[in-house]
Structures are given as C-alpha cells and as structure tokens.
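Step one of this worksheet: look at the structure below.
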Amino acid sequence: ASIAAARYGKDNVRVYKVERDEKTGVQTVTEMTVTVLLEGAIDVSYTKADNSVVVATDSIKNTVYIKAKENPVTPPELFASILGTHFIETYPHITTANVKVVTHRWTRMTIDGKPHPHSFYRDGNETRNVEAKITKGKGIDIRSGIVGLLVLKSTGSQFHGFVRDSYTTLPEVWDRILSTDVDCGWSWKRFAGMNAVRAAIPKFDNAWIDARTITMKTFAEENSPSVQNTMYKMCGSILEAVPEVENVDYSLPNKHYFEIDLSWHEGLKNTGKNAEVYAPQSGPNGLIQLTVARS
Ligand SMILES: O=c1[nH]c(=O)c2nn[nH]c2[nH]1
C-alpha cells in the first residue's frame, strides 16, 4: 500500500476582527470561519509516526490569528492568499496550502435613517466564501462563491415538456413556486503569486457584487422554464461581467412546495389557479448542478 493523497490542518477556526476609524468613530467588523489544509513531504508522519514534519494544527490555528492581526482580512481572496502563501514560504517541505475562508454577514444597522457606527445584524445564513490553493512554484488558484442565499419566487416559473413515461406522475406546470438555496462559485484565472492577487484586489468585491446581483436579478426576472435554463443564463452573465473569471458553477436544490387538494372538505378549491395554501417540502428535493467555462 502507498499514500495516494494526504492533507491535514485546522478546520473551523473562528475569527472576528474589528477596524476602528479614530477620525469618524465608525467601526467595521468581519467574522469568518477559516480552514487550512497543508500538503507536501508529510507522508512519514502517517507511515513512520515521524512528527518532525508536522506543523501542529494548533500552530496553524495560531498562525491564522497572527496573520489576521498583521494583514487585512478583506477581501477574503486576499486574506486567503496571504495565509496560504505564508505556509509554503515558511516551511520548505510544505508545497501546497488549501485555504477556505467563509465570511459571515454582519450588516450595519440603519437607525433613524442613518448607518450606525458600531451596530450590526445577521441578515441571513448567506456567506461569502473563498477557496484558495497556493502551490509552490505554480501560483494561486482561487474560487470565490456565495453559499446559503435562500430565495423564493411565488410565480414566474414553469416546468413542462419533460419525459412522460410509465415512471412519470409529475403534472406539467406553467405557474409554480420556485425556491432554491444558492451555492454559486466563480473560478479565477491562475494568479502567478501575491503580487498578481494584490493587483486584482478591486476586482474581488466587484465580482461578488456582480455575481450576487446577477443571481437575484436573473432569478427574479426570468420566467424560468427550468432551473437548468435559468442557472445557465446566470453563468453566462457572470462570465460576461467578470473577464478574469474562467468558469462559473452553481449547485441549486429545487425546494419543492406541493399543492394541497382540499376539495374533500366541502369542495374547497385549492389547486391549480385556486392554489393558495401549499405544503413546503424539506425533502426529497431536486438538485441541479452546472459548470460553464468561458471557452
Ligand atoms: O426545474 C426543474 N428541473 C427539473 O429537472 C425537474 N424535475 N422535476 N421538477 C423539475 N424542475
């Protein structure tokens, strides 16, 4: 037997950082969950119990806090790249660092019509995610993303013309609820190193705003013939908006809402055009996945 692959590190490193503007008194907060998994000449720690090659996961956790103190933690693409680059530059036997940064939402409160200087609220489980792979001698590969953006539209969605055979019971529909929990990602062309990432800093926030706006606008405005076609359009729009992105991917659950036939009760009409009360389904759910490449 031989080792086919090995990586180790610290998961679920919770980080909060505050930025205090002395002049204006405005404070800005960032909260994120960081994962670092290292690869390299570490096989003997598995095969020979030789721990001399192990940068302890506790030390990795310490490094996350130190780098968060010493560097900006936004945009997450920059922080992930700084953190990963540290490991491959500090430990000669570590050749790849896989860094995941999940940024949670703290949206600034608006009080009496004004943005509050130091109060925030968690408006949803949605996160802004970054996965960076920093490889010695190769460069920095980054996939940015949106996870947990739960959306619903009460109409403007159809599904018909699908295969009908002895396995089919689903009725064709021209007006249905559509709800999904967006998991979307966009992969950047490889960055040669930190200088290239730093040069791209303004593009990261803009890309996230574009991807989020395009996702919601397309979802809202398309009279969707299917999840498949609508997500394909989202991908194309993001590729058009962000030239430095090589491909875009979506993984969309179809969170079903079933009509409830109440006609057994005094002939109550609650199906088709009369449907108002539905049963939201926790499962099973459709799951539609797609990756669209620029070329
Ligand atoms: O948008 C949809 N795509 C599908 O593939 C599917 N299958 N059942 N309902 C569906 N809705």
Side-chain angles (χ1 to χ4, degrees), residues 102 105 123-129 131 143-187 207-242 245-265 268-295:
V102 174
R105 289 176 70 82
D123 62 337
N125 292 327
E126 175 192 348
T127 58
R128 175 175 172 183
N129 292 13
E131 295 158 291
R143 175 180 176 270
S144 306
I146 296 165
V147 174
L149 172 58
L150 182 57
V151 293
L152 177 142
K153 64 190 307 186
S154 54
T155 186
S157 168
Q158 315 171 47
F159 188 62
H160 47 79
F162 49 88
V163 170
R164 289 211 84 76
D165 61 13
S166 64
Y167 295 91
T168 308
T169 55
L170 184 70
E172 293 192 300
V173 63
W174 279 261
D175 179 357
R176 70 172 180 177
I177 293 163
L178 180 62
S179 177
T180 189
D181 199 348
V182 173
D183 180 338
C184 160
W186 48 101
S187 301
W208 173 72
I209 291 165
D210 287 345
R212 195 167 186 271
T213 303
I214 287 166
T215 298
M216 288 205 259
K217 182 175 170 65
T218 309
F219 178 82
E221 295 186 340
E222 278 292 302
N223 187 359
S224 171
S226 65
V227 175
Q228 287 90 332
N229 182 252
T230 298
M231 69 206 288
Y232 177 72
K233 290 180 175 173
M234 292 172 179
C235 288
S237 299
I238 294 172
L239 283 172
E240 193 178 332
V242 193
V245 159
E246 252 174 359
N247 61 57
V248 179
D249 61 84
Y250 278 85
S251 177
L252 299 179
N254 193 348
K255 298 171 71 67
H256 305 298
Y257 287 68
F258 286 175
E259 289 189 359
I260 306 169
D261 185 339
L262 298 174
S263 58
W264 52 273
H265 179 76
L268 204 48
K269 295 184 186 313
N270 188 54
T271 57
K273 292 197 181 323
N274 299 303
E276 293 174 291
V277 176
Y278 295 74
Q281 302 294 304
S282 53
N285 58 269
L287 180 59
I288 322 288
Q289 299 183 332
L290 175 66
T291 301
V292 176
R294 179 173 300 280
S295 52

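Counting starts at 1 for both ligands and their atoms, in listed order. Residue numbers count from 1 along this sequence.
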**Request:** For H160 and ligand 1, answer yes if some heavy atom of the residue is under 4.0 Å from a ligand atom, otherwise no.
**Result:** no
**Asked** Q228 heavy atoms, cut-off 4.0 Å: which ligand 1 atoms fall inside?
**Response**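 Close to Q228: 1 (O), 2 (C), 3 (N), 4 (C), 5 (O).
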Distance-only check: which donor-acceptor pairs under 3.5 Å involve side-chain atoms of residues 147-161, not counting sequence neighbours?
| from | atom 1 | to | atom 2 | distance (Å) |
| --- | --- | --- | --- | --- |
| K153 | NZ | G156 | O | 3.1 |
| K153 | NZ | F219 | O | 2.7 |
| K153 | NZ | A220 | O | 3.1 |
| K153 | NZ | E222 | O | 2.7 |
| T155 | OG1 | D175 | OD1 | 2.6 |
| T155 | OG1 | D175 | OD2 | 3.4 |
| S157 | OG | R176 | NE | 2.8 |
| Q158 | OE1 | H160 | NE2 | 2.8 |
| Q158 | NE2 | N223 | OD1 | 3.3 |
| H160 | NE2 | W174 | NE1 | 3.2 |

When the side chains of residues 285-295 are checked against the rest of the protein, which donor-acceptor pairs come out under 3.5 Å, sequence neighbours left out?
| from | atom 1 | to | atom 2 | distance (Å) |
| --- | --- | --- | --- | --- |
| Q289 | NE2 | S251 | OG | 2.9 |
| R294 | NE | V245 | O | 3.0 |
| R294 | NH1 | L239 | O | 3.3 |
| R294 | NH2 | L239 | O | 2.9 |
| R294 | NH2 | V242 | O | 2.8 |
| R294 | NH2 | P243 | O | 3.4 |
| R294 | NH2 | V245 | O | 2.8 |

**Heavy-atom neighbours of Y232 OH exceed 12 at 6.0 Å** =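 For Y232, atom OH is not crowded (no more than 12 foreign heavy atoms under 6.0 Å).
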With only distance considered, is [X] within less than 3.5 Å of ligand 1 through an N or O on each side?
| X | answer |
| --- | --- |
| S226 | no |
| H256 | no |
| L170 | no |

**Request:** Could you grab the distance from atom NZ of K217 to atom CZ of R212, nearest 0.5 Å is fine?
**Result:** 15.5 Å
**Message:** Give me the nearest non-hydrogen protein atom to atom 11 (N) of ligand 1 as residue plus atom name, then the distance to 0.1 Å.
**Reply:**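 Nearest neighbour among protein heavy atoms for atom 11 (N) of ligand 1, to 0.1 Å: R176 NH1, 3.1 Å.
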**Prompt:** So which protein heavy atom does atom 7 (N) of ligand 1 come closest to, and at what separation?
**Reply:** F159 CE2, 3.6 Å
**Item:** Residue of the set D183, V182, T230 for which side-chain contact (heavy atoms from CB on, under 4.5 Å) holds with Y250
**Value:** V182
**Prompt:** Side-chain donor-acceptor pair under 3.5 Å between T213 and D210, yes or no?
**Reply:** no
